[in-house]
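Accompanying notes for the structure given below.
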Amino acid sequence: MVEATVAARRPERAEAFARRAAGELGIRVRAVRTVEEAARDHDVVVVATDSAAPVLAADWIAPGTHVTTLGPKTASRHEVPAALADRAHVIVTDSLAQAAGYTEPHIFPAGRMVDLGAVLCGAATGRTEPDQITLFWSVGPAGTEVAVAAALWEAAHQAQHGHGSPARETG
């Protein structure tokens, strides 16, 4: 069974989101008390906050995990730790140009970032080994988050039907 977990600063919001997501997606979604419990040992971790400080630790991310970060990533405000970039084998962004245009330095090394479009069309290398950690840094061009979410959902749906496993299976 494919399962998703969710954590929030306010447990009642995590529980409400879990109920809504389970109903809409038709999978088991469980609210957990800590971000560590939501992130540790999962195949896909999505961080979507407006936090100025990291909400998770880099060592909570298991080999083979894909992490998507949607919130702040500047030197002064970042929802994920800069050390996560050191653990990631591939750092992908939806817009190298927009990432380069940040007025404040960001926490991910520009020289290691590759463009999502280039990876998708085979012009750049993405994950080459199953234990590699991948990191998607969304800089926010309209629709990218929706496209990434749709691709993750499709992969999870295929995994449920025996075509791979982007999410931890429990049973």
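Predicted model, so just to flag it, every value in this text is computed and none were measured. For this chain, numbers begin at 1 and follow the sequence in order.
One N or O on the side chain of Asp94 and one on the backbone of Val139 form a donor-acceptor pair closer than 3.5 Å. With hydrogens and angles disregarded, a donor-acceptor distance shorter than 3.5 Å links the side chain of His89 to the backbone of Ile133. His106 places a side-chain N or O within donor-acceptor distance of the main-chain N or O of Phe108, the cut-off being under 3.5 Å. Within the 3.5 Å criterion, the main-chain N or O of Ala82 finds no donor-acceptor partner in the side chain of Lys73.
In this structure the side chain of Val29 never reaches within 4.5 angstrom of the side chain of Glu3, judged on heavy atoms. In this structure, the side chains of Val45 and Leu56 come closer than 4.5 Å at one or more pairs of heavy atoms. Side-chain contact between Ile61 and Leu84 is present, with at least one heavy-atom pair separated by less than 4.5 Å.
Inspection of the Thr5 and Arg30 side chains reveals no N or O donor paired with an N or O acceptor under 3.5 Å. A donor atom on one side chain and an acceptor atom on the other are found under 3.5 Å apart for Thr49 and Glu79.
Residue Arg13 places its CZ atom among 12 or fewer non-hydrogen atoms of other residues, nucleotides or ligands, all under 6.0 Å distant.
Of all non-hydrogen atoms in Arg9 and Asp50, the two that sit nearest each other are NH2-OD1, 3.6 Å. Smallest separation of non-hydrogen atoms from Val114 and Val119: CG2-CG2, 3.7 Å. Closest approach of Pro81 and Ala58 over heavy atoms only: CG-N, 3.6 Å. Here the shortest heavy-atom pairing between Gln132 and Arg127 reads O-NH2, 2.8 Å. A pairwise comparison of heavy atoms in Ile27 and Ala4 identifies CD1-CB, 4.2 Å as the closest pair. Nearest heavy-atom pair, Thr74 versus Ile107, reported as atom, atom and distance to 0.1 Å: O-CG2, 3.5 Å.
Between Asp131 and Arg87, no side-chain nitrogen of the basic residue sits less than 4.0 Å from a carboxylate oxygen of the acidic one, so the salt-bridge criterion is not met. Using a 4.0 Å cut-off between a side-chain N of Lys or Arg and a carboxylate O of Asp or Glu, Arg33 and Glu37 do not qualify as a salt bridge.
Taking the six-membered ring where the residue is Trp, Trp137 and Tyr102 present perpendicular rings, their angle passing 60° and hence far from 30°.
For the atom pair OG (Ser51) and CZ (Arg77), the distance works out to 7.5 Å, reported to the nearest 0.5 Å. Atoms CZ and CD1, from Arg112 and Ile91 in turn, are 4.0 Å apart once rounded to the nearest 0.5 Å. Of the inter-residue distances, the one linking Glu104 atom CD with His78 atom NE2 reads 10.0 Å to the nearest 0.5 angstrom.
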Item to check | Val35/Trp60 under side chain to side chain contact (heavy atoms under 4.5 Å, CB included): CA gap, chis, key distance, verdict | outcome: CA-CA 9 Å; Val35 173; Trp60 296 350; 4.0 Å; yes
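For the side-chain contact (heavy atoms from CB on, under 4.5 Å) with Val92, the lone residue among Thr68, Leu116, Leu135 that qualifies is Leu116.
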